[in-house]
2 protein chains.
Amino acid sequence: MKFEAVTIKDIARALGLSTSTVSRALRDSYEISPETKQKVLEYSEKINYRPNPIALSLKEKRSRSIGIIVCEIANSFFSQIINGIESIAYDKGYNVIISQSHESYEREVINTQYLASRSIDGLLVSVSSETQDLDHLKNLHDRGFPIVFFDRIVEEMQTHKVIVDNFQGAYDATEHLIKSGYQNIAALAGSEYLSITKERLGGYRKALEDNGRKFDPACIQHCLHGGMLYDEVENALTQLLKLKTKPDAILASADKLTTNCLRYFKKTKIKVPDDVAVIGFSNLDLTDLLSPSLSVVRQPAYEMGQLCTELLIQQIESKRPVKDFERRVLPPQLFVRESTEKCKENPKN
Amino acid sequence: MKFEAVTIKDIARALGLSTSTVSRALRDSYEISPETKQKVLEYSEKINYRPNPIALSLKEKRSRSIGIIVCEIANSFFSQIINGIESIAYDKGYNVIISQSHESYEREVINTQYLASRSIDGLLVSVSSETQDLDHLKNLHDRGFPIVFFDRIVEEMQTHKVIVDNFQGAYDATEHLIKSGYQNIAALAGSEYLSITKERLGGYRKALEDNGRKFDPACIQHCLHGGMLYDEVENALTQLLKLKTKPDAILASADKLTTNCLRYFKKTKIKVPDDVAVIGFSNLDLTDLLSPSLSVVRQPAYEMGQLCTELLIQQIESKRPVKDFERRVLPPQLFVRESTEKCKENPKN
DNA sequence: CTGAAAGCGCTAACAT
DNA sequence: ATGTTAGCGCTTTCAG
């Protein structure tokens, strides 16, 4: 069942004008007499005329839509990012087409190709946990297709990039743990391939070293699927808790890692923060409701979404090829709550 | 910076053929000789030819994209619904364009018009809390535009509708509270305009009456924004707690109502479930992590998304106008957890 | 000031 | 088996 819309031709026929006159009248061209304009405007208003954007796209060779590739929209951080993206996109007359990789490299490739073939004007990408090979993106990029990376970026490609200062976020969190008196701080990290993982572990390590602690790689466990699967988190934590120097604090470096970490501790009746403290990167809106309330490093997700969209649209609309790519680094925020508070018997040192 | 893609014309020129021959070869038409096909296929493979979907859309008068209108994607229920929608849409070669009303009627109207003008082939709608006037949707629907409602439906329009059995969900939750020994069960409800609110309150009332309790309208408070604003929830609860028969249990009828309700109790140091029990409609993935863990009525969101998308695409692709509209009602699931467990001193009766 | 015609990429009816 | 042409809706020269 097709939905037949009114066209410029219908207006022309009804008013005894040519399509070009109608077109010009609608765009308020100076070449059209006021009376004709008046007539055209009135009539198209009456029949509720709307230009066909597809015809426009064909002509202008642009679709006014942008694609987004994220791992999962059912994730606070990404849904907040998407809110930011949409707010700018709609303002500028673009619509957005969202696709999810579910942390699968294969799906990321398929989605990229699908989006690219759907005539989007540009792409906002946060790569999947599994992604190592970047040909699917490089191909597009090499042909001049606008791509902006956010959050999980890729150093090998020259594009705009928007991230949070992951190093600093992890540094602050780790230092907070140290200052609160925790001795053995382990890291529950995401995929080793991800930029964010490397950056966060970098900050973790530096904070330890700056505070005279020794950095031990054994205190790091990676979860390839970024904590999306409960089992990988359980395995990782089991490993960590088996260490000779048993951790008394965990730094979880992503949303799902953090929540699945809490889930594991709840399941195994390990008390937070009495037995082990937990701080995580998280944009959950509910961290205050958990019990104990959760200490987190929070990212300005909405702003990140806005910023990368602005950069992308700017590039799409730029007259000449963009050569100067920006790397915008936003500050994370540390929220200290109960999950990293030493119990009263052992006050902070 | 435009991104110039390869067209059928380039292939034709390179191979000394006409565009129609190339077009036919690509679509494997029987009229084309095997040799020509071979050549065309090879060459287009080589230069990585992709048909321009916009040109196709213009020709076929369909865009192979569907629009979604929801209040908020940063809401578990809706992000799960969207996952379900995407899974089917991508399978069938459609892409989805999501827009958020943020519970504002005005934005819903703007988004509807925007989407409609972007040549989508159909629309999946869950109306905003504020929506009463339906002209923006009726206009489209009257012109034969495919619309499917889900979750927050609208009785005045003859379309496919996919919902959960809200009446039953609320009935079960209320009965569970009664059976657990709670005496004064109040309802924290969403906007009075919404179908789901009416259905859920219907179930609440019936369960009370079936169990010999009297139904008191004073025990219901509505939040126009569905709990999106903390203040409206705080006000509503303050009212409820002032009642002469102070509630010992709350039935919250939506995700945000539930979480903001917990937030209020946490803030005011009201103990759940000792001072007051809480059960809510919620699709949060974290209800088990809350403390006390939260009893909920959960909706099969993913399946709802899949189902409404199937119905929509079926209607879009139907040869003749669809007259028989379906109303699919999926079962909700009750999960009993700690937030509605009477403390040990007063065991269940 | 207005109209005719071409063209965006593709398909299909109509030649040949 | 292949080519020519028209047309999808719209804008934009180019001609009056």
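First the proteins, then the strands, lettered A, B, ... as listed; each starts at 1.
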Ignoring hydrogens and angles, are the base of D:dG9 and the side chain of A:R50 linked by a donor-acceptor pair under 3.5 Å? no
Please check if the number of heavy atoms outside B:E31 that lie under 6.0 Å from its CD is greater than 12. yes
Minimum-distance nucleotide (side-chain atoms of B:S20 versus C:dG9, D:dT12, D:dG3): D:dG3
With a 4.0 Å cut-off on heavy atoms, is A:R27 in touch with a base, just the backbone sugar-phosphate, or nothing at all? sugar-phosphate
Classify the ring geometry between A:H136 and A:Y105 as parallel (under 30°), tilted (30 to 60°) or perpendicular (over 60°). perpendicular
Report the relative orientation of the aromatic rings in B:F325 and B:H141; use parallel for angles under 30°, tilted for 30 to 60°, perpendicular for over 60°. tilted
Whether B:K37 contacts D:dA1 is assessed here as follows: a side-chain N or O lying under 4.0 Å from the phosphate OP1 or OP2. Is that the case? no
Among the nucleotides C:dC10, D:dG9, C:dT2, whichever has the atom closest to the side chain of A:E31 is C:dT2
Between A:P51 and B:Y30, just flag the one whose closest nucleotide in DNA chain D comes earlier from the 5' side. B:Y30
NA contact type, B:T36, heavy-atom cut-off 4.0 Å: base, sugar-phosphate, or nothing? sugar-phosphate
Quick one: is B:Y49 getting a side-chain N or O under 4.0 Å of the C:dC10 phosphate, OP1 or OP2? yes
Would you tell me if any nitrogen or oxygen in the side chain of B:K59 comes within less than 4.0 Å of OP1 or OP2 on D:dG9? no
Could you check whether the side chain of A:S23 and the base of D:dT12 have a donor-acceptor pair of N or O atoms closer than 3.5 Å, going by distance alone? no
Output the rounded distance in Å from NZ (B:K61) to P (C:dG9). 21 Å
Of the candidate nucleotides C:dA13, D:dG9, C:dC1, which contains the atom at the shortest distance from the side chain of A:N52? D:dG9
A:S18 vs C:dG3: side-chain N/O to OP1/OP2 distance below 4.0 Å: yes
